[in-house]
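What you are looking at is a predicted structure, and each value in this text was computed from that prediction instead of being measured. Hydrogens, waters and symmetry mates play no part in the numbers below; they use all other heavy atoms, side chains included.
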Amino acid sequence: MREQVLTISGMTCGGCVNSVTRVLKALPGVQQVDVSLVPGQAKLLIDETQVDISMLKKAITEAGYAVVD
């Protein structure tokens, strides 16, 4: 297991936080998700044998938000 922190832009409300949380939790290998509006971050506990950073970024961008590198 590994902790991963992603900075996300485009979230403006609690509904946005819920949307990002939902898409991340749906991915295989994502064990824990904590998305916060301020400072616009997602803290995750992931199993790297099942999910990688590109999969996380793709899920977030497909939900309509951006991941800041």
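Here the side chains of L27 and K58 are not in contact, with every heavy-atom distance at 4.5 Å or above. Under the 4.5 Å side-chain criterion, counting only non-hydrogen atoms from C-beta, M1 is in contact with D47. E62 has its side chain out of reach of V23: every pair of non-hydrogen atoms, C-beta onward, lies at least 4.5 Å apart.
Here the straight-line distance linking atom CG of L24 with atom CG of L56 works out to 6.0 Å at 0.5 Å rounding. Rounding to the nearest 0.5 Å places CD of E3 at 9.0 Å from CD of Q32. Here the NZ-CG distance, from K57 to D52, works out to 10.0 Å after rounding to the nearest 0.5 Å.
For the pair S19 and Y65, the tightest heavy-atom approach, listed with the atom from each and the gap, is CB-OH, 4.0 Å. In this structure, Q50 and M55 approach most closely via the heavy-atom pair O-CE, 3.8 Å. The two atoms that bring G10 and C16 nearest to each other are O-SG, 4.4 Å, heavy atoms only. Taking every heavy atom of both residues into account, P28 and V51 meet most closely at O-CB, 3.2 Å. Contact detail for I46 and Q4: the closest heavy-atom pair is CD1-CB, 4.3 Å.
Screening D34, V35, V30 for a side chain to side chain contact (heavy atoms under 4.5 Å, CB included) with L44, the sole residue that qualifies is V30.
Placement of L6 and L37 within a single hydrophobic cluster is found when ILVMFWY residues are connected by side-chain heavy-atom separations under 4.5 Å, directly or transitively. Hydrophobic clustering places I53 together with V33 (ILVMFWY residues linked when any side-chain heavy atoms are closer than 4.5 Å, directly or through intermediates).
Residues satisfying the side chain to side chain contact (heavy atoms under 4.5 Å, CB included) test with A66, not counting sequence neighbours, are S9.
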